Enquirer: 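Below are the structure tokens for one structure; questions will follow.
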Amino acid sequence: MLDAHIPSGPIEKKWDKRRFEMKLVNPANRRKHSIIVVGSGLAGASAAATLGQQGYHVHCFTYHDSPRRAHSIAAQGGINAAKNYRNDGDSVQRLFYDTVKGGDFRSREANVYRLAEISVNIIDQCVAQGVPFAREYGGLLDTRSFGGVQVQRTFYARGQTGQQLLLGAYQALEEQIAAGNVRMHTRCEMLDVVMVGGRARGIITRDLLTGKIDAHAADVVALCTGGYSNVFFLSTNAMACNTSAIWRAHRRGALFANPCFTQIHPTCIPQSSEHQSKLTLMSESLRNDGRVWVPKTKGDNRPPNQIPEGERDYYLERRYPSFGNLAPRDIASRAAKEVCDEGRGVGPGGRGVYLDFGDAIRRLGEENVREKYGNLFDIYEEITGDDAYKSPMRIYPAPHYTMGGLWVDYDLMSTLPGLFVGGEANFSDHGANRLGASALMQGLADGYFVLPATIPNYLASNKFDKVDTSNPAFAQVKAEVTERLQKLLSIKGKRTPDSFHRELGTLMWNNCGMARSEKSLTEALQRIPALRDEFWNNLSMVGTNEELNQSLEKANRISDFMELAELMCLDALERKESCGGHFRIESQTPDGEAQRDDEHFSYAAAWEWTGTGKNWAVQKEPLTFEEVHLAQRSYK
Amino acid sequence: MKLTLNVWRQASANRAGSFVTYEVSGITPDMSFLEMLDVLNEDLLTKGEAPVAFEHDCREGICGSCGFLVNGKAHGGHKGTTICQLAMRFFKDGDSLTLEPWRAKAFPVIRDLVVDRSSFDRIIQSGGFITVPTGSAPNANAILVPKENSDTAFDAAACIGCGACVAACPNASAMLFTSAKITHLNVLPQGQPQRDQRSLNMVAAMKEEMFGTCTNHGECEAVCPKEIPLEFIGKMNRDLARAVFKRRREPIPVSPLVQEAMQK
């Protein structure tokens, strides 16, 4: 059985207790240890900067030209913290409870409590770095509400909170680079983990400009490489977001937990053309003031402004009166799908619902609405050509975030000793559904506070033989990586990487998207291996490895999605209950909500790789709830 | 619609480049500019030719990866828009477009439309931060920040580091970029202790990277996708003057670059 190494004692003392039990590294000895951090988003940049400040020798890797480009930058709405500056009943306990409930009781209590505790320190840290959060006229920090909660605990910087937090972490990282504590490797993509003596001791990378395959050795490796929503091809993720780093670690033995837990975000701009390359998110914060509706009658094609109030169905307010438009993401997404399935969707293809600011503009005035959401309205207009101050936005759900990821224990260490995983790349804190404004909180909690405590403990608790890249393990993994790339280049088939990615994405969206069934998943499990075979036999590729070759980068990432997709469907098939974002149509309450089955599925499913085309083996971490009373989640 | 594209093709930094003409068809008004290039690249790949290399990632105007010149205008010259957000509805059937990379000594071409902007990171390294070791921060509401200062800091911090300002400037100056970071941090109470050394060090780093000087053309402001105002350059110059005068009386820790410049 999987042991998460959760400290004993009352939940509010666990993190303190763990920190006290941890072994420390003497400041003079820290520079003797080297640490590899892969990824430079919120989790990676903050971890690398903090470990650099502590005096360790850090190597940080990103495939971007600069660490500032990581996709954390695109997060819009905000970051949660249990500051209770509003005096509206918030507390660490309440943030903890909201997060566990929001995740539909499929997360680990001890981790979530720690996250809620640390949330408070994150805001302090960011403000001190100069993150320009929104403020009141009195000079104090402003907050707003996000989905699934009834307090105002979300700190924000207009609609660009992720950008501002990432720049804070990036600047701290650049300071450490200048000080010589962190060595930054840009345009350098990790392609495998190297295990020596049963411990993660390095990585293999490809230089994206020269194609050079390099080995890097260290005492410990931390992956902060983000999520895998791009398995759906169309998602809100940036084009390069991928699963390769965590997937290659999975192939080396790291267990992959709850891969089917994906979040479909309710407010995205609907797909408009078949050439579309990505979907654009409209921040959840818009639901603070925007009202979601569709016409009451099927096929009502009148322009929205001509549909009288009485003929509109504000379905979220109707179905969930106490949370209204701020129902959690999984619920709001499913509700949008249902009204569109009923034929009441709006816009081309009937795949859209209105998000209407008419009332807010009448109540607050256009200027105030512009102050709060101006940049989001601008993005909307740039993409659609429509002015959302005059007529409602059209929105539709899209893949956005993945709660699943590499399994980690309380210290954020995977099942491979010495391989730590932070941010979206791990599975730990959000259960089956993440609440809005909690991703930034988790990324920074892991990077600023958790990893910089647990990694030194790992370093102090183990003896490290001198290992460098001349160790034969490095040469072997390097050869395997090179062979895989050469294979991709040598197929000389007829189909482009994107055509495979599109086909895989459509299949996953239809069969393993917002609603899943035994039938859809079984079908996907038959079709994915066939598509993967075709990929490896009919891929067309130009150029060589020894140059900037963006098609090769893409194909290499798609090759991993092809394997991950199968595991996602398998996990979704095995989890016969519905919970959070995982909706099995066979398991619903009489009024169509997700029906959990705590008796059989109150566990995290951690999958073990046994070889391509072979079935995975599953290990289960039972989830026990001591603080939170398990209940049917209700937002009514 | 159908378009003619003259695209700068350059296999690598040390090979000569040239314009190559391509025709693309089947472009619809709701596609983005980069989706139009995706169509071209799919077509090239199918024919076994090397696709046009260009940088892009988020495709929603915030990561700052994308950017090249369209008919001589950075990001296509549409106000407040990155090239990834530019919709094809602003072009018409039969248009002929010339695509070339940022042109600046400090941004060497890597391949086709991809340039090396690591000089921007080095400017940030020289002083674009506030030193706060993790865990040492005071309570976030302990220091009040007037809303107008906070708003100015945000307006400056909105910079995405794309490099359009440099590409549009006849002097290839990075003053809009540098002044945006200096303004962001210097206007906040948290940024005061390092204010003078930041101004001195960042301006010296900018010169060291071979960026030119501002001669008030204002092209940078016109093309900036985040509409960073020109007045920040004035503010940077005032902060620089303040630091230079102050340094006569008080020791301000500065980089060797600044010491060298001062001696001249």
Side-chain angles (χ1 to χ4, degrees), chain A residues 49-50 53 64-66 68-69 71 73-74 83 85 121 123-125 127-130 132 135-141 157-158 160 163-164 167 171-172 174-175 177-178 186 209 238-240 272-273 275-278 280 378-379 382-383 385 448-449 452 496 498 540 542-543 547-548 550-551, chain B residues 12 28 30-31 34-35 38-39 42 45-46 48-51 53 55-65 80-81 85 87 89 110-111 114 117-118 120-121 124-126 128-135 137-141 144-147 150 153-154 157-158 161 184-185 188 190-191:
Chain A
T50 304
Q53 289 159 5
H64 289 105
D65 67 322
S66 161
R68 68 181 292 155
R69 313 269 185 230
H71 190 55
I73 205 154
K83 282 285 198 186
Y85 282 157
N121 307 102
I123 301 301
D124 297 343
Q125 182 66 27
V127 166
Q129 285 172 341
R135 288 184 183 263
E136 310 267 10
Y137 280 101
L140 296 165
L141 291 160
R158 280 179 225 169
Q160 285 136 273
Q163 180 200 24
Q164 295 309 318
L167 291 180
Q171 287 163 201
E174 291 294 340
E175 184 185 11
I177 295 168
T186 55
L209 298 185
M239 303 301 285
S272 62
S273 92
H275 290 288
Q276 194 144 349
S277 55
K278 75 156 285 170
T280 301
D378 291 349
I379 294 178
E382 272 156 10
I383 293 175
Y448 279 130
F449 296 102
T496 61
D498 266 356
S540 79
V542 295
E547 60 182 327
L548 172 61
Q550 294 172 324
S551 307
Chain B
S12 66
T28 57
D30 48 15
M31 285 164 68
L34 298 189
E35 283 164 1
D38 289 343
V39 171
E42 283 289 284
L45 258 178
T46 315
E49 294 175 39
E55 286 206 273
H56 62 99
D57 198 27
C58 75
R59 296 205 175 188
E60 47 190 82
I62 196 75
C63 74
S65 297
T81 305
Q85 292 174 293
R89 64 173 175 276
I110 289 173
R111 178 169 196 161
V114 179
R117 289 167 291 190
S118 55
F120 270 10
D121 287 334
I124 299 296
Q125 280 165 30
S126 71
F129 48 78
I130 291 172
T131 301
V132 198
T134 304
N139 188 314
N141 262 346
L144 300 179
V145 181
K147 189 174 185 310
S150 174
F154 182 92
H184 164 206
L185 299 175
L188 292 171
Q190 289 85 356

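Protein chains get the first letters and strands the later ones, always in sequence-line order, with residue 1 at the start of each. Just so you know, these numbers use all the heavy atoms, side chains as well, and skip hydrogens, waters and symmetry mates. Predicted model, so just to flag it, every value in this text is computed and none were measured.
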Enquirer: I'd like to know which of B:Leu185, B:Val145, B:Thr28 tops the heavy-atom pair count under 4.5 Å against chain A.
Expert: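 The answer is B:Val145.
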Enquirer: Examine whether an atom of A:Leu141 lies under 4.5 Å from a heavy atom of chain B, and if so say whether it belongs to the side chain, the backbone or both; otherwise answer neither.
Expert: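 Both parts, heavy atoms under 4.5 Å.
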Enquirer: Tell me, out of A:His64, A:Gln53, A:Lys83, who's got the most heavy-atom pairs with chain B below 4.5 Å.
Expert: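 Looking at each option in turn, the highest pair count goes to A:Gln53.
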Enquirer: Does a side-chain heavy-atom distance below 4.5 Å link A:Glu547 with B:Ser12?
Expert: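 Side chain of A:Glu547 against side chain of B:Ser12, heavy atoms only: no contact under 4.5 Å found.
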Enquirer: Under a plain distance cut-off of 3.5 Å, with no hydrogens placed, do A:Thr280 and B:Glu60 share a side-chain donor-acceptor pair?
Expert: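 There is no such pair between these side chains.
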Enquirer: Side chains of B:Pro51 and A:Val542, heavy atoms from C-beta outward: is any pair under 4.5 Å?
Expert: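 They are in contact (side-chain heavy atoms under 4.5 Å apart), so the answer is yes.
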Enquirer: Taking atom OG of A:Ser273 and atom CE of B:Met31, what is their separation to the nearest 0.5 Å?
Expert: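 Answer for the OG-CE pair, A:Ser273 versus B:Met31, is 6.0 Å.
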Enquirer: Contact part of A:Ser66 toward chain B, heavy-atom cut-off under 4.5 Å: side chain, backbone, both or neither?
Expert: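 Interface part for A:Ser66: both.
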Enquirer: Non-hydrogen atoms of chain B under 4.5 Å away: do they reach the side chain of A:Asn121, the backbone, both or neither?
Expert: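 Neither; nothing under 4.5 Å.
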Enquirer: Any Lys/Arg nitrogen of B:Glu55 or A:Arg69 sitting under 4.0 Å from an Asp/Glu carboxylate oxygen of the other?
Expert: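 No.
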Enquirer: Among B:Leu188, B:Ile110, B:Thr46, B:Leu34, which has the most heavy-atom pairs under 4.5 Å with chain A?
Expert: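 Looking at each of B:Leu188, B:Ile110, B:Thr46, B:Leu34 in turn, B:Ile110 comes out on top.
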Enquirer: Among B:Pro146, B:Gly191, B:Pro138, who wins on heavy-atom pairs under 4.5 Å with chain A?
Expert: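 Of the options given, most contacts go to B:Pro138.
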Enquirer: For A:Glu175, is it the side chain, the backbone, both or neither that has a heavy atom under 4.5 Å from a heavy atom of chain B?
Expert: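 For A:Glu175, the contact with chain B is made by backbone and side chain together.
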Enquirer: If you count heavy-atom pairs under 4.5 Å with chain A, which of B:Gly48, B:Gly80, B:Ala137, B:Ala140 comes out on top?
Expert: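 Option with the top pair count is B:Ala140.
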Enquirer: Any donor and acceptor pair, going by atom type alone, linking the side chain of A:Glu174 with main-chain N or O of B:Ile124 inside 3.5 Å?
Expert: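 Side chain of A:Glu174 to backbone of B:Ile124: no pair is present.
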Enquirer: Hey, which of B:Thr81, B:Val114, B:Asn139 has the most heavy atom pairs under 4.5 Å with chain A?
Expert: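 Maximum pair count with chain A is reached by B:Asn139.
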Enquirer: Is B:Val39 close to chain A through its backbone or its side chain, or both, or neither, when contacts mean heavy atoms under 4.5 Å?
Expert: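 Only the side chain of B:Val39 comes within 4.5 Å of chain A.
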Enquirer: Mind checking the OG1-CZ spacing from B:Thr134 to A:Phe449? Nearest 0.5 Å is all I need.
Expert: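 With rounding to 0.5 Å, OG1 (B:Thr134) is 6.0 Å from CZ (A:Phe449).
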Enquirer: Who passes salt bridge (Lys or Arg N to Asp or Glu O under 4.0 Å) against B:Asp30, sequence neighbours left out?
Expert: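 Partners of B:Asp30 by the salt bridge (Lys or Arg N to Asp or Glu O under 4.0 Å) criterion come out as none, since no residue qualifies.
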Enquirer: At their closest point, which heavy atom of B:Glu42 faces which heavy atom of A:Asp498, and how far apart are they?
Expert: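 Of all heavy-atom pairs spanning B:Glu42 and A:Asp498, the closest is OE2-CB, 3.5 Å.
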Enquirer: Contact between A:Glu136 and B:Lys147 at the side-chain level, heavy atoms closer than 4.5 Å - yes or no?
Expert: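 No, every pair of side-chain atoms sits at 4.5 Å or beyond.
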Enquirer: By a 4.5 Å heavy-atom criterion (distance strictly below it), what part of B:Ser126 contacts chain A: side chain, backbone, both, or neither?
Expert: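 For B:Ser126, no heavy atom lies under 4.5 Å from chain A.
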Enquirer: Looking at CG of B:Asn141 and CD1 of A:Ile123, how far apart are the two atoms once the value is rounded to the nearest 0.5 Å?
Expert: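 That separation rounds to 10.5 Å.
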Enquirer: What is the distance from atom CZ of B:Phe154 to atom CZ of A:Arg158, rounded to the nearest 0.5 Å?
Expert: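 Separation between the atoms: 4.5 Å.
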Enquirer: Locate the shortest heavy-atom distance separating A:Leu548 from B:Arg111; write the atom from each residue and the value.
Expert: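 For A:Leu548 versus B:Arg111, the nearest heavy atoms are O-NH1, 2.9 Å.
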Enquirer: Does the side chain of A:Val127 come within less than 4.5 Å of B:Gln190's, by heavy atoms?
Expert: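 Contact flag for B:Gln190/A:Val127 side chains = yes.
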Enquirer: Which answer fits A:Gln550, side chain, backbone, both or neither, if we ask what part of it has an atom under 4.5 Å from a heavy atom of chain B?
Expert: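 The side chain, not the backbone.
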Enquirer: When you compare the side chain of B:Ile130 with that of A:Gln171, does any pair of heavy atoms fall below 4.5 Å?
Expert: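 Heavy-atom side-chain distance check fails, nothing below 4.5 Å.
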Enquirer: Looking at B:Ala87, B:Ser150, B:Ala153, which has the largest count of heavy-atom pairs under 4.5 Å with chain A?
Expert: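 Counting heavy-atom pairs under 4.5 Å, the top option is B:Ser150.
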Enquirer: Please look at A:Gln164 and chain B and tell me whether the side chain, the backbone, both or neither of the residue comes under 4.5 angstrom of a heavy atom of that chain.
Expert: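 Only the side chain of A:Gln164 comes within 4.5 Å of chain B.
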Enquirer: Quick check for you: to the nearest 0.5 Å, what is the distance between A:Arg68 atom CZ and B:Ser65 atom OG?
Expert: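 It comes to 10.0 Å.
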Enquirer: Over all heavy atoms of both residues, which pair between B:Arg89 and A:Glu382 is shortest? Give the atoms and the distance, please.
Expert: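 Heavy-atom minimum between the residues: NH2-O, 2.8 Å.
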Enquirer: Given a strict heavy-atom distance threshold of 4.5 Å, which part of B:Ser118 is in contact with chain A: side chain, backbone, both, or neither?
Expert: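 Nothing of B:Ser118, per the 4.5 Å heavy-atom cut-off to chain A.
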Enquirer: Report which part of B:Asp38 has an atom under 4.5 Å of a heavy atom belonging to chain A: side chain, backbone, both, or neither.
Expert: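 Looking at B:Asp38, just its side chain touches chain A.
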Enquirer: Using a 4.5 Å cut-off on heavy atoms from C-beta on, say whether the side chain of B:Arg59 contacts that of A:Gln276.
Expert: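 No. Closest side-chain heavy atoms not under 4.5 Å.
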Enquirer: State the CZ-CG distance between B:Arg117 and A:Asp65, to the nearest 0.5 angstrom.
Expert: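 B:Arg117 atom CZ to A:Asp65 atom CG measures 4.5 Å (nearest 0.5 Å).
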Enquirer: Taking all non-hydrogen atoms of both residues, which atom of A:Gln125 and which atom of B:Gly135 are closest, and how far apart?
Expert: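 Nearest heavy atoms, A:Gln125 then B:Gly135: OE1-N, 3.1 Å.
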Enquirer: Identify which part of A:Leu167 has an atom lying under 4.5 Å from any heavy atom of chain B, answering side chain, backbone, both or neither.
Expert: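 Side chain of A:Leu167 only, per the 4.5 Å heavy-atom cut-off to chain B.
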Enquirer: Verify whether one side chain among A:His71 and B:Asp57 offers a donor that lies under 3.5 Å from an acceptor in the other.
Expert: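 No, B:Asp57 and A:His71 have no side-chain donor paired with an acceptor closer than 3.5 Å.
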